[in-house]
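Remarks on the structure that follows.
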Amino acid sequence: MAEISLVLGDITEQRVDAVVNAANSSLMGGGGVDGAIHRKGGPEILAECRELRASRYAGGLPTGQAVATTAGRLPARWVIHTVGPVYARSEDRSHLLASCYRESLRVADELGAKSVAFPAISTGIYGWPLDDGARIAVETVRETPAEVAEIRFVLFDTTAYAHFGRALSGST
Ligand code: ADP
């Protein structure tokens with residue numbers, strides 16, 4: 001089973017095989033993690049995203065799925081782009097958020113990545129409450145069989161870090 005760790009920091013700076021991007025379906029960049037990855041990773045990532053749109057995902061990458069590109073100038077080797085669900089009070093979309101973590105790990109295994117860094121998918125612009133987002137993230141990676149040896153959650157602020165800490169220690 002993979003070792004799970006928490007880091008307070010910036011996902012673009014992680015020295016891991018693959019970093020996961022909280023992308024949007026267009027794969028053409030955006031704010032938050034997505035913006036930071038494209039800014040620091042350089043144009044190579046966007047060029048591959050364009051190719052993916054043209055070849056495999058004309059209608060955009062569906063929510064809950066994941067696809068890999070190069071990591072450009074980032075220290076990581078690959079970026080795994082996944083599209084989190086937008087939070088909605090009126091509808092339970094938890095299965096889609098869980099799917100992002102599961103599918104990202106499946107893609108990581110396909111690549112042969114041994115270490116993977118995840119942001120707190122959907123908890124920024126997409127509005128998912130941090131306590132629930134952290135619980136789903138931790139439960140899903142724990143339940144998903146994968147060859148990946150290290151899973152690192154990279155949290156951008158102390159609030160997110162605390163929520164993931166509680167989820168990891170099982171006190172939520
Ligand atoms: P989403 O659209 O899926 O909500 P965001 O990128 O807006 O994605 O936010 C996801 C989470 O990532 C939020 O908790 C946000 O604070 C955090 N975040 C934003 N920038 C970074 C970064 N550079 N490294 C790690 N986490 C980040």
Side-chain angles (χ1 to χ4, degrees), residues 4-43 45-46 49 53 57 60-69 71-105 107-108 113 115-141 150-168 172:
I4 301 174
S5 61
L6 304 185
V7 171
L8 184 62
D10 184 334
I11 195 145
T12 63
E13 292 170 4
Q14 303 303 307
R15 293 190 177 278
V16 285
D17 293 335
V19 294
V20 174
N21 181 16
N24 60 55
S25 145
S26 79
L27 294 177
M28 293 296 118
V33 172
D34 204 8
I37 284 178
H38 284 289
R39 235 180 355 261
K40 289 206 188 161
I45 303 175
L46 197 58
C49 285
R53 278 299 301 274
Y57 300 107
L61 180 65
T63 305
Q65 293 193 22
V67 68
T69 65
R73 294 197 290 260
L74 298 180
R77 292 175 66 186
W78 299 286
V79 174
I80 298 172
H81 306 263
T82 190
V83 183
V86 175
Y87 182 71
R89 267 179 203 286
S90 55
E91 187 191 357
D92 184 7
R93 298 179 178 164
S94 308
H95 63 290
L96 290 169
L97 185 54
S99 174
C100 288
Y101 289 97
R102 232 180 356 254
E103 285 299 299
S104 297
L105 286 174
V107 170
S115 51
V116 179
F118 280 100
I121 300 165
S122 285
T123 67
I125 297 160
Y126 284 0
W128 208 285
L130 262 169
D131 53 352
D132 200 49
R135 180 187 60 76
I136 291 168
V138 169
E139 276 180 16
T140 306
V141 303
E150 186 200 344
I151 294 170
R152 192 182 297 175
F153 289 110
V154 183
L155 294 323
F156 210 38
D157 56 46
T158 51
T159 308
Y161 186 87
H163 280 291
F164 272 74
R166 279 194 286 274
L168 206 55
T172 49

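Just the heavy atoms: all of them, side chains too, but no hydrogens, waters or symmetry mates, feed the values below. Ligands are counted one by one from 1 in listed order, and the atoms in each one are counted from 1 as well. Computed from a prediction, not measured in an experiment: that's the story for all the values here.
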Leu6 pairs by side-chain contact (heavy atoms from CB on, under 4.5 Å) with which of Leu168, Val154, Val138?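 Option passing the side-chain contact (heavy atoms from CB on, under 4.5 Å) with Leu6: Leu168.
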Determine the sole option in Ile11, Val79, Thr12 for which the side-chain contact (heavy atoms from CB on, under 4.5 Å) test with Asn21 is passed.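 Exactly one option meets the side-chain contact (heavy atoms from CB on, under 4.5 Å) with Asn21, and it is Val79.
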For [atom], grab the closest protein heavy atom and report residue, atom and distance to one decimal in Å.
{"atom": "atom 11 (C) of ligand 1", "answer": "Ala120 O, 3.3 Å"}
{"atom": "atom 7 (O) of ligand 1", "answer": "Ile125 N, 2.9 Å"}
{"atom": "atom 13 (C) of ligand 1", "answer": "Thr123 OG1, 3.4 Å"}
{"atom": "atom 3 (O) of ligand 1", "answer": "Ser122 N, 2.8 Å"}
{"atom": "atom 8 (O) of ligand 1", "answer": "Ala22 CB, 3.6 Å"}
{"atom": "atom 26 (N) of ligand 1", "answer": "Phe156 CB, 3.5 Å"}
{"atom": "atom 24 (N) of ligand 1", "answer": "Ile11 N, 2.9 Å"}

Which of parallel (below 30°), tilted (30 to 60°) and perpendicular (above 60°) describes Tyr101 and Phe118? tilted
Check this for me - ligand 1, [X], N or O atoms closer than 3.5 angstrom, yes or no?
{"X": "Gly124", "answer": "yes"}
{"X": "Asp10", "answer": "yes"}
{"X": "Tyr126", "answer": "yes"}
{"X": "Thr12", "answer": "no"}
{"X": "Val33", "answer": "yes"}

Atom CG of Leu97 and atom CD1 of Ile136: how far apart are they, to the nearest 0.5 Å? 5.0 Å
Answer yes or no for [X]: is there a heavy-atom contact with ligand 1 below 4.0 Å?
{"X": "Gly84", "value": "no"}
{"X": "Ala160", "value": "no"}
{"X": "Ala23", "value": "no"}

Can you check whether [X] reaches [Y] side chain to side chain, under 4.5 Å on heavy atoms?
{"X": "Ser5", "Y": "Glu150", "result": "yes"}
{"X": "Thr69", "Y": "His81", "result": "yes"}
{"X": "Leu74", "Y": "Gln14", "result": "no"}

If we number the atoms of ligand 1 from 1 as shown, the ones under 4.0 Å from a heavy atom of Gly32 are 6 (O), 20 (N)
Which ligand 1 atoms, with their elements, are less than 4.0 angstrom from a heavy-atom of Gly9? 24 (N), 25 (C)
Decide, yes or no, whether a salt bridge links Asp131 with Arg166 under the criterion of side-chain N to carboxylate O below 4.0 Å. no
Between Tyr87 and Tyr126, ring centroids under 6.0 Å: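 They do not qualify: ring centres at least 6.0 Å apart.
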Does Asp157 have any side-chain contact (heavy atoms from CB on, under 4.5 Å) partners at least two apart in sequence or in another chain, and if so, which?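 Result, side-chain contact (heavy atoms from CB on, under 4.5 Å) vs Asp157: Thr159, Ala160.
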For Leu61, what residues pass the side-chain contact (heavy atoms from CB on, under 4.5 Å) criterion, not counting sequence neighbours?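 Residues passing side-chain contact (heavy atoms from CB on, under 4.5 Å) with Leu61: Leu27, Tyr57, Gln65, Val67, Val83.
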Do protein heavy atoms approach atom 15 (C) of ligand 1 to less than 4.0 Å? no
